Protein chains: 2
Amino acid sequence: MPLSHESYIRRANLWGLLQANAVLATLRPEYGKAMGGGMDEKHKSRQATLPPSPNERPTLKTIAFMTGLGITTVSRALKDAPDIGAETKERVRLIAAQVGYHPNRAGVRLRTGKTNVISLILSLEEEFIGLTSPMVVGISEILATTQYHLVITPYSARSDPLDPVRYVLDTGAADGVIISRTEPKDPRVALMMQRNFPFGTHGRTEMGLVHPYHDFDNERFAYDAVRMLVERGRRRIMLLHPPPSLSYHMHMRTGFERGLRDFGATSVPFNTVDLDNSLADIRAACEEAMRGPDPADGVISGSGGGAVALVAGIEAAGLKLARDIDMVSKQSNDFLQWLRPEVITLREDFRLAGRELAKAVIARIEGQPATELQTLSFPVLQN
Amino acid sequence: MPLSHESYIRRANLWGLLQANAVLATLRPEYGKAMGGGMDEKHKSRQATLPPSPNERPTLKTIAFMTGLGITTVSRALKDAPDIGAETKERVRLIAAQVGYHPNRAGVRLRTGKTNVISLILSLEEEFIGLTSPMVVGISEILATTQYHLVITPYSARSDPLDPVRYVLDTGAADGVIISRTEPKDPRVALMMQRNFPFGTHGRTEMGLVHPYHDFDNERFAYDAVRMLVERGRRRIMLLHPPPSLSYHMHMRTGFERGLRDFGATSVPFNTVDLDNSLADIRAACEEAMRGPDPADGVISGSGGGAVALVAGIEAAGLKLARDIDMVSKQSNDFLQWLRPEVITLREDFRLAGRELAKAVIARIEGQPATELQTLSFPVLQN
DNA sequence: GTCAAAATCTGTAACGATACAGTAGATTTG
DNA sequence: CAAATCTACTGTATCGTTACAGATTTTGAC
């Protein structure tokens with residue numbers, strides 16, 4: 001043991017003494033002598049010289065002073081480094097807990113470059129926030145068990161979606177990024193891949209690049225939806241699809257068309273609006289379609305919000321759910337089920353998506369290969 | 001001018017030269033001489049000695065090297081400090097913009113203690129995220145125009161609501177905090193006031209403490225709601241109120257009772273559930289109340305989600321909106337209006353709340369007195 | 001009992017920014 | 001014309017942490 005037991009005891013009690021009185025002057029010189037002759041003129045004193053004031057936030061220096069150890073030793077002890085004695089580690093951990101030590105994030109960040117931040121890039125447009133909100137919760141659930149903080153990096157639809165990504169990359173604002181509204185050829189993905197920056201996408205891409213993602217199986221959703229409508233005797237089916245620019249547009253279309261073929265139904269065109277349109281627009285387009293010749297007898301909605309507008313349009317055209325027409329919708333909240341239980345809802349779990357993406361991004365930061373960080377979730381029939 | 005025009009030109013062009021070749025060795029000594037005799041042995045070289053690599057993120061050092069100025073000068077020039085020459089400022093700003101300089105947040109934070117972070121303390125419970133989501137957008141809108149980042153600090157209902165606040169206070173994770181679900185005697189408010197920490201609350205308190213807040217006038221909402229129901233000939237009114245622990249419970253109750261008196265209506269007890277109960281519980285309680293003796297002919301809901309459950313309960317009891325009963329609800333999303341246009345909705349703008357709170361907290365950080373940072377918003381009749 | 005290896009502990013320098021206390025030279029003052 | 005003042009700029013120290021390169025003591029081998 002490099003320190004005598006006697007001095008160990010003396011130093012561990014310093015804190016209490018210091019609060020009572022300034023015994024420092026009498027203790028420090030003796031301390032310097034105890035250090036042995038290895039000190040030249042330049043190093044007159046130890047690192048942790050002054051008693052850190054008790055009401056300031058404790059730092060490594062505080063613990064170093066209280067234990068009589070060096071700052072480096074304390075740092076390494078708290079990291080469980082192999083070159084620190086077991087007893088020392090125990091002692092340091094105990095005192096750290098007692099004084100409520102938290103590593104200073106700025107210090108760590110400055111020294112190591114690690115921000116311990118995950119950035120969620122969020123569109124400020126009203127239409128999408130309903131979806132991302134449970135995602136925030138899912139992400140938070142995971143990050144709460146880690147050192148990571150979640151920071152929201154917003155952008156508006158009127159600006160370049162690359163802007164927030166560039167911002168994070170250029171300023172080093174985060175260790176990893178989560179993006180939504182993924183496109184098949186997504187320039188944000190290309191940029192982050194090129195810079196070798198950890199990220200996860202909500203939705204897949206089609207660029208031959210391997211990166212972490214979480215996606216909902218929208219192909220399966222649309223396929224199952226067609227099946228369920230056909231089972232109810234519906235044959236002329238209309239799809240309210242996502243905007244064509246987004247990746248899951250194609251997935252949903254593919255599943256829809258495969259379903260039509262496999263179950264023997266036909267498609268009713270409904271291409272004037274998509275899920276990015278306002279509810280009012282969707283409602284109007286739906287009403288018009290329903291009043292037209294050969295209206296659909298089955299409808300599939302790619303989101304819960306869209307379904308509400310479709311229901312309104314259908315009813316405005318004088319049709320009645322379950323009697324004249326059936327509907328399958330992806331669900332985000334429960335409201336639809338309370339007010340129109342006739343609508344068949346398949347659940348997409350955004351909270352799960354948040355959890356999966358947070359886990360994936362952290363794993364990617366820690367070096368895990370992207371191939372192992374791609375997950376898919378499946379539609380679940382509600383009730 | 002302390003630097004000759006000649007050397008100014010030479011140094012401003014260094015960047016290009018450096019990228020082409022390592023001319024540093026020939027330039028630096030001449031540079032050192034140009035500094036004059038004020039340097040003793042300890043200060044052999046200037047601060048900005050080595051050429052910062054062109055692909056690293058630019059720092060003050062980079063700009064200092066490129067301009068031939070000292071790091072301090074660059075720092076002060078970018079802050080528009082009064083002791084820097086106008087021409088120098090211009091030159092520094094130009095180069096800073098050209099190289100895409102962003103101050104390193106960790107550096108600033110470590111040195112000044114300023115985090116440039118606002119923390120939004122968020123409950124992870126599903127019931128509330130619908131409300132806080134537009135608030136996130138509002139906050140982001142404001143912060144996007146500033147240096148502040150928004151970090152989400154979550155807590156779950158099963159843990160102490162003081163935990164996240166203590167965390168921020170103890171770790172110095174943010175310069176300011178925004179909290180929701182404010183209580184009349186809110187321990188979080190007491191704690192932050194005591195520590196003199198900037199914050200804003202969504203909702204008022206009743207502790208005789210002056211602090212920034214934004215609140216919706218729930219008293220007015222309930223009062224107006226009663227009036228609207230009475231105007232439709234309703235007299236027996238039921239209120240789905242917020243949980244009694246929250247501040248706005250009392251506001252809403254007060255407005256409700258004042259409305260009853262002023263407009264001559266009576267209250268139908270509905271105290272088995274509140275807005276924190278699940279939709280299923282609210283629905284069941286409502287149905288039971290509607291099937292009981294002397295049911296209400298008017299209902300007021302303190303939230304849009306609750307209204308959906310109430311509508312379901314009313315209809316399950318065989319009653320019909322507008323015919324047997326009328327309803328006024330605070331609205332959060334538009335769904336209710338599409339599916340039950342009979343319900344009268346008064347809008348509470350959570351996005352505005354986010355904007356107001358963000359502005360208030362920043363102003364508080366900048367030292368503005370809390371008395372000037374208290375705002376109220378009013379119900380707006382939808383359509 | 002000597003010497004090398006192993007086990008523990010250590011100080012210094014650096015990350016990027018800013019507060020502070022200067023300094024050099026130009027300009028004004030008496 | 002010397003002293004004081006002003007202008008414009010500067011280096012050093014520091015925030016809290018960790019990488020790195022020692023330093024000291026203990027242990028073990030022979």
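Below, each value reflects all heavy atoms present in this structure, side chains not excepted, and no hydrogens, waters or symmetry copies. Below, chains carry the letters A, B, ... as their sequence lines are ordered, and counting in each starts from 1. Keep in mind that this is a model prediction, so the values were computed, not measured.
Salt-bridge formation is not detected for the pair A/D175/A/R109: no Lys NZ or Arg NE/NH1/NH2 atom is positioned less than 4.0 Å from an Asp or Glu carboxylate oxygen.
At least one side-chain heavy atom of B/F197 sits under 4.5 Å from a side-chain heavy atom of B/L169.
Residues forming a side-chain hydrogen bond (donor to acceptor under 3.5 Å, both in side chains) with B/Q147 (at least two apart in sequence, or on another chain): none.
One interatomic measurement links the two molecules: CZ of B/R76 to P of C/dA19, which rounds to 8 Å at whole-angstrom precision. Following rounding to the nearest Å, A/R105 (CZ) and D/dC15 (C1') show an atom-to-atom distance of 17 Å. At whole-Å resolution of the value, CD1 in A/I84 and P in D/dT18 are 13 Å apart. The separation between B/Q147 atom CD and C/dT18 atom P is 11 Å, rounded to whole Å. Summarising the geometry, the separation between CZ on B/R91 and P on D/dA8 is reported as 14 Å, rounded to the nearest angstrom. Between the P atom of D/dA21 and the CG atom of A/D83 lies a distance of 14 Å, rounded to the nearest Å. Atom-to-atom, CZ of A/R109 to P of C/dA17 comes out at 12 Å; the value is rounded to the nearest Å. Rounded to whole Å, atom P of C/dA19 lies 13 Å from atom CG of B/L78.
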Are there any protein N/O atoms within less than 3.5 Å of an N/O atom in nucleotides 14-16 of chain C, and if so, which ones and at what distance?
unit_1 : atom_1 : unit_2 : atom_2 : d
C/dA14 : N3     : A/R111 : NH1    : 3.4
C/dC15 : O2     : A/R111 : N      : 3.3
C/dG16 : N2     : B/G107 : O      : 3.1

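At the phosphate of D/dG11, neither OP1 nor OP2 sits under 4.0 Å from any side-chain N or O atom of B/T72.
Atom CG of A/L110 and atom CG of A/N104 lie 9.5 Å apart (nearest 0.5 Å).
Side chain of B/T171 to main chain of B/Y167: a donor-acceptor pair is present (N/O by atom type, distance under 3.5 Å, no hydrogens or angles). Within the 3.5 Å criterion, the main-chain N or O of B/V108 finds a donor-acceptor partner in the side chain of B/T112.
In the set C/dT18, D/dA8, C/dT10, the nucleotide with an atom closest to the side chain of B/I71 is C/dT18.
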